[in-house]
Each structure stands twice: as structure tokens, then as C-alpha cells.
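Structure first, commentary second.
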Amino acid sequence: MSRDSSLWWHTATAPSNIAFIKYWGKRSAETQWPANDSLSMTLSEACTTTLARCLPSNEIDRFQLGDLNLASDHPKARRALAHVARLRTITGFTPPLAIVSENSFPEGRGIASSASGFAALTIACLAAWTVSPDLDHLARHGYSLTRLADLARLGSGSACRSLFGGFARWESGDAHDHQHFRQLFRADHWALADIILCGPSEKKISSTDGHVAAWSSPSFAPRLRSLPDRLRACEAAIAARRMADLGNILESEALEMHGVMESSVPPVVYLSDTTRRLLETIREYRARGGFPAWFTLDAGETIHLICESRHAPQIVTAARAFTPERMILMDRVGDGPTLELRKGPAA
Ligand code: PMV
């Protein structure tokens, strides 16, 4: 008779998100206090699933990414374990943890995994420490979605928005410890798709370094002054489901952020000539008609084409034709994170 050696794990699945109004630049790097408010759409398919369980007190934290048992000095393991240590200091929980994490999307193709990764890691750690089988239970222990968002942002700023389904806003507030996180609209408010034209590789310059450089750009202060108006317009376009209005905001916002990056000292350049040509092609296709999609960009060469879901098939067909070399992923607005107890590896 075979013995089932699998174990119960606190299993958090958190989606990535794509910012419509970008978080770029921090008022304080130490406290992860952003320079401006940001707004994003939570995705559905690009997710990180993280399993956590408590270990006996004489053991040390273990972190495994996918099938790779990363050495604790591997940069990804180091960053994850540093976040676990930070959570422990803030919350006072002491048990060491075994953690296994996996992304639903391909690694190294320029799709940011830090938002989904740190959101899932934060939920899974707190669930293991509080022995919470679901998000309601975790909230009753004092870890509501907003509290979890405030903790997740300490690992990676954009992770805080992944705690909420639909469309989320992160407000920088009037002090580093008075930031606000909230869901603006649920996912069923508007069926939007994100057609992801994956960049050829992971970004060469970390967003951590880019955020610091932002202040040296002469365009940064004017950007900060004008952003509240753009944020209001973005929120209004989503509220009224006005695609062309939203699309024009998305493109101006993405190009403005890259303008700040490229005018920083030293310049932070993420876009290759090939990617710039692709952005031109997207505009040409739209101008010709039959291509109602607008681009946005993060810190890298991956292009996100935002459109209404009913148009997604035609956008994918056209994108396959004009960029056959890029891997294309189809995503859409999603409901936010989940937490459950699941049987997992015996490791
Ligand atoms: O969360 P970070 O530190 O990786 O910064 C994210 C920055 C952008 O992805 C470029 C914009 C955003 O708001 O997500």
C-alpha cells in the first residue's frame, strides 16, 4: 500500500497587474513611499502561486522557485527571503517557513513577476503564520487586503495593487506609513483584455535603480504636477467604459514614463529600436481601422495591448502578422488573489 507523503500547504495565488497610470519614482526608497498615485488593471492569467508551511523552530527558511531549488544566495531567493525576514520583523511571527513558488508565465521574457510574486509571497507567509485556510480567516487575524497590500509593497511597490481584483489604485498619502490602497471597480465592470507581446529578454536595469534615477530627469517634476489630472481622466474613462479615451491616456502615460527614464542622468533606456518600430506599427494599424487596441509599457520591452475583450481575437491575429517573432500571451482583467489549503510536495 502506498503512503501519501504529501503535506498541506497554505497556497496563495496572486495575479500580476498592468499599470495604466505608472508608479515611477519614490519619495523614499527606504520606506517604499511612491512619488505619485498609480492605477492598474489586475490580470487573470499571469499569476504566481506560492505555497508556504511552518517548519520546526530549529530549521531555517527555504525558498524554491519552480523546479529550481535555488541556493539561498541566488538573487531571486535572496530578495524573497529578505521579504520574509521583513514580514517577520513587522508582524512578530517567528516560525521558519518552507516556501515553494511558481509563475504561470514564462520566466525571462520580460513579464514582470515581482508584482504577482510579492503579493503571493506576502499572503502565503501570513497565512502559514496565522494558520489561515482562506482570505476571510486571514482578515479576521488582522490581515485584510489593505493590510496585506501595505506589506506587499515593501517587497515590490507594484505588488500592492495585485491584492485587489478589477481596477486598483495606490495612493501615496501624506506620509510613508499613511498610504492608501483600494479597488476602484470590480473586474466585471468592464471586460478588457491585455494582449502581451513579450519582450525578447528580462530587463537589464532593475526598476529599483530606475526609480532612484527618476528625480534627475527635468521632465519628472512637471510630470508629477500634471499626473493628478491624468489620473482623474483615466478613472473617468474606466467609469464610463470609454475605450478610445482610455487608450489615448495609456499611450501618453507610457511614453511619458519612458521619456522620464531616458532623460534621467545617467539615462535609463529600456526600449530597443525594434520595440519603437513596433509601437509605430501599432499606431499605423489603428489609424487604418479594424485595430481598436492601445499600447502601454512597463520597465522593459514587453508591449501590452489593451482592448475590449470582444476585439481580442482580431488584435491577436493582427499582432501575429506584424510581430511573428514575439511570444504573445492573452490576458484579461481578473478577480484578484485567492488563498486555500492545498496538498503539495513533501519537501
Ligand atoms: O514595483 P516595481 O518597483 O517593480 O516598479 C514598477 C514600475 C512599473 O512597472 C514600471 C510601473 C508600475 O506602476 O507598475
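Side-chain atoms are counted along with the backbone in the values below, which use heavy atoms only and exclude waters and symmetry mates. All ligand and atom numbering here is 1-based and tracks the order in the structure. As the structure is a prediction and not an experimental result, all values here were calculated from the model.
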Mind checking whether Arg161 has a heavy atom under 4.0 Å from ligand 1? yes

Non-hydrogen atom of Ser156 closer than 4.0 Å to ligand 1: yes

Does the gap between the ring centers of His211 and Tyr23 come in under 6.0 Å? yes

Cationic tip of Arg161 above Trp170 ring, under 6.0 Å, 45° of axis: no

Report yes if Lys22 has an N/O atom closer than 3.5 Å to an N/O atom of ligand 1; otherwise report no. no

Donor-acceptor pair between Asn17 and Thr42 side chains, under 3.5 angstrom: no

Please check whether His211 reaches ligand 1 - meaning an N/O of the residue sits under 3.5 Å from an N/O of the ligand, judged on distance alone. yes

May I ask you to check whether Arg140 and His137 show a side-chain donor-acceptor distance below 3.5 Å? no

Quick note on ligand 1: atoms under 4.0 Å from a heavy atom of Ser114 include exactly 4 (O)

What atoms in ligand 1 come closer than 4.0 Å to a heavy atom of Ala19? 12 (C), 13 (O), 14 (O)

Could you list which atoms of ligand 1 come closer than 4.0 Å to a heavy atom of Ser207? 2 (P), 3 (O), 4 (O), 5 (O)

Top protein contact for atom 11 (C) of ligand 1, by heavy-atom distance: Tyr23 O, 3.5 Å

Heavy-atom count around Arg242 CZ within 6.0 Å, excluding the residue itself: above 12? yes

Does Arg230 come within less than 4.0 Å of Glu253, counting only side-chain N to carboxylate O? yes

Do me a favour and list the nearest non-hydrogen protein atom to atom 10 (C) of ligand 1 with residue, atom name and distance? Ala299 N, 3.6 Å

So is Arg53 actually on top of Trp9's ring, under 6.0 Å and inside 45° of the axis? yes

Identify, by atom number and element, the atoms of ligand 1 in contact range of Gly157, meaning under 4.0 Å from any of its heavy atoms. 1 (O)

Ser158 versus ligand 1: do any nitrogen or oxygen atoms come within less than 3.5 Å of each other? yes

For Arg276, I'd like to know if atom CZ has over 12 heavy atoms of other residues, nucleotides or ligands within 6.0 Å. yes

